[in-house]
Amino acid sequence: MLRLGFELARRGYRRYAAYPGATWAGVFTNTFFGFLIAYALLAVFDSRETVGDYDARDAVTYAWLAQGMLMTIYLWGWFDVALRVRSGDVATDLQRPLDFQGYWLAHDLGRALYHAVFRGIPPFLIGALVFDVLVPQDPRVWLAFVVSVTLAVVTSFAFRFLFNLVAFWLIDYRGAATLAMVASTFFSGQIVPIAFFPDWLALAAWALPFAAMVQAPIEIWLGHAQGLELLGLLGLQAFWAAVLLLIGRAVLAAGMRKLVIQGG
Amino acid sequence: MVETLGIYRRLVGSRIRSQLQYRLSFALTVTGNLLLSGLDFAAILVLFGQVDALGDWTVGEVALLYGISCVSFALTDLAVGQLDQLPRMIREGEFDQILVRPLGSLLQVICADVALRHLGRLTQGAVVLLVAVAYVDVTWTASRIAMLLVAIVAGAAIFAGIWVAFSSIAFWLIDSQEVCNAFTYGGNYTAQYPVNIYGRWLRRLVLFVVPVAFVSYFPALYVLDKPDPLGLPEALQFASPAVALITGAAAWLVWRTAVRRYRSVGS
């Protein structure tokens, strides 16, 4: 089982590694946006010292972490499952002697590793050359960050898997998928740190599963969550990953019943 | 020219009719795009929840920058957004078919489809622009309204030039779509904020290379009667149409050069 998962992850990795040109073009774009967001956030600190627990250095570090993690977390543009449902290929997939959700999860973890190394690290390094970014000194923070990013990928995958399944019920799933991506992009802290939100909105963001996808690992990197609080944050991520994966399985089962009736 | 316009109208008309066939899906998609495009503005509002000004620009003034840029960009997106499909057209040999037809290659690529879902972005931008116009402390004289309209048209032309020029990279590097995105979508994002908050290299880039400063920043300075925080010559506030012409001409040259050196993938 583990061996199979590893093989699938390798395929996920290789599928994205096949286009190095596209990877470098993507690094260029992430870097460009990293600059834009860093400058926009820095303009806030012209007139004040801190926003919540963010100072200017935290904000700049946030900008480069968020851009670096963008492709790894992959909130946008993943329709692999929806496409297979629409084309009907999912019927064959479901006959295979392996778990459908587990198959795609393993594949996605492989993809995430590729994107973390080749789309994540280069923009961050460029940002670190130009701006004064914060780099944790404590190896335990690094370890917690890696665990947290992994949990963030699983949570993000579980959510993507879920909204892809809309294709069982809607021929054109794109509208519904876009609405899902709008929610995840905003409430995850992908475009502005949740600490900048008004209190009521920040409360809502932390009550939703999306903060576990982007903001949680960033808080750990910045050292805003330490000790028990850090463990609590990791626990929250694990909780949402498990809940969303389970909902995904339930919805898949419902979709399969519908598929059987239709194909009848 | 008139004949070409007639062909454009008929090609685009058929694409529009085809998309209106599935109304619920269409409504969902437009709504989704409206909200997606609104995310950038939500981010601006979040920042202004913390401060009263960004680089000496108030929330109404930044909303004006945002509105001008967003409406211009949405118009461009509707008109030439199909250029994003160029790498696929080259890879799949579709571009070869285009070259043998007796019609300009650029026109054909642009008309290959018109994505009405981008109406979401146009609606969202127009709403922000109208609210900004009502909100900012400006006496709306004829010359200011004229400047606003000129800015939108010139801005759309500048974005179109950028889109055509950077899409042409695909003729050299097929995997380069993301680089083009940095200047088209990234250009729109850049023009939504005041140029004076950016670092020096980025300010130079948006003034001289990818001239999105002329989409929103300079026209807005005129409309708001605001002293330029960068202290640049006032004449630049009237330069947008000229910059649009130069960008358009440069883009056309790049496209022509690129198409001339194009060799089919041969598969």
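The chains referred to below are lettered A, B, ... by the order of the sequence lines, with proteins before strands, and numbering in each begins at 1.
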If one checks every heavy atom of A:Val192 against chain B at 4.5 Å, the contacting part turns out to be side chain
* How about B:Thr29 and A:Thr178: do any of their side-chain heavy atoms sit closer than 4.5 Å? -> no
Whatever's closer than 4.5 Å to a heavy atom in chain A on B:Leu205 counts as side chain
A:Asp46 side chain reached by B:Asp56 side chain, heavy atoms, under 4.5 Å:
no
Against chain A, residues from residues 44-52 of chain B with at least one heavy atom under 4.5 Å, in numeric order, are B:Val46, B:Leu47, B:Gln50, B:Val51
Note to self: Around atom CZ of B:Arg88, are there more than 12 heavy atoms from other residues, nucleotides or ligands closer than 6.0 Å?
What the structure shows: yes
Q. Looking at side-chain heavy atoms only, is the closest gap between B:Trp201 and A:Phe35 below 4.5 Å?
A. yes
- Query: Do A:Ile37 and B:Tyr189 touch side chain to side chain, with heavy atoms closer than 4.5 Å?
  - Reply: yes
Max heavy-atom pairs within cutoff under 4.5 Å with chain B, candidates A:Val130, A:Thr185, A:Leu179, A:Val44, goes to A:Val44
The interface call for A:Phe186 against chain B, heavy-atom contacts under 4.5 Å, is both
dist B:Glu178:CD -> A:Met71:CE (nearest 0.5 Å) comes out at 6.5 Å
Counting heavy-atom pairs under 4.5 angstrom with chain A, the leader among B:Leu39, B:Leu173, B:Asn33 is B:Leu39
Looking only at heavy atoms, the pair that brings A:Gly21 and B:Asp175 closest together is C-CB, 3.7 Å
Crowding at CZ, B:Arg200 (>12 non-hydrogen neighbours, <6.0 Å):
no
Angle between ring planes, A:Phe32 versus B:Phe183, binned at 30° and 60°: parallel, tilted or perpendicular? tilted
Residue A:Arg86 excluded, over 12 heavy atoms near CZ under 6.0 Å: no
>> Atom CZ of residue position A:Arg48 - does it have more than 12 heavy atoms of other residues, nucleotides or ligands inside 6.0 Å?
In response: yes
If one checks every heavy atom of A:Ala195 against chain B at 4.5 Å, the contacting part turns out to be backbone
CZ of B:Arg203: more than 12 outside heavy atoms within 6.0 angstrom? yes
Whatever's closer than 4.5 Å to a heavy atom in chain A on B:Tyr198 counts as both
Tightest non-hydrogen contact, residues A:Ala25 and B:Ser176, listed as CB-CA, 4.1 Å
One should read off an interatomic distance between B:Leu54 CG and A:Leu42 CG, to the nearest 0.5 angstrom, of 11.0 Å
All heavy atoms of A:Phe33 vs all of B:Gly186, minimum pair found to be CZ-CA, 3.5 Å
Closest non-hydrogen atoms of B:Gly55 and A:Ala43, given as atom of the first, atom of the second and distance, are N-CB, 4.4 Å
Verify the neighbour count for atom CH2 of A:Trp200: are there more than 12 heavy atoms of other residues, nucleotides or ligands below 6.0 Å?
-> no
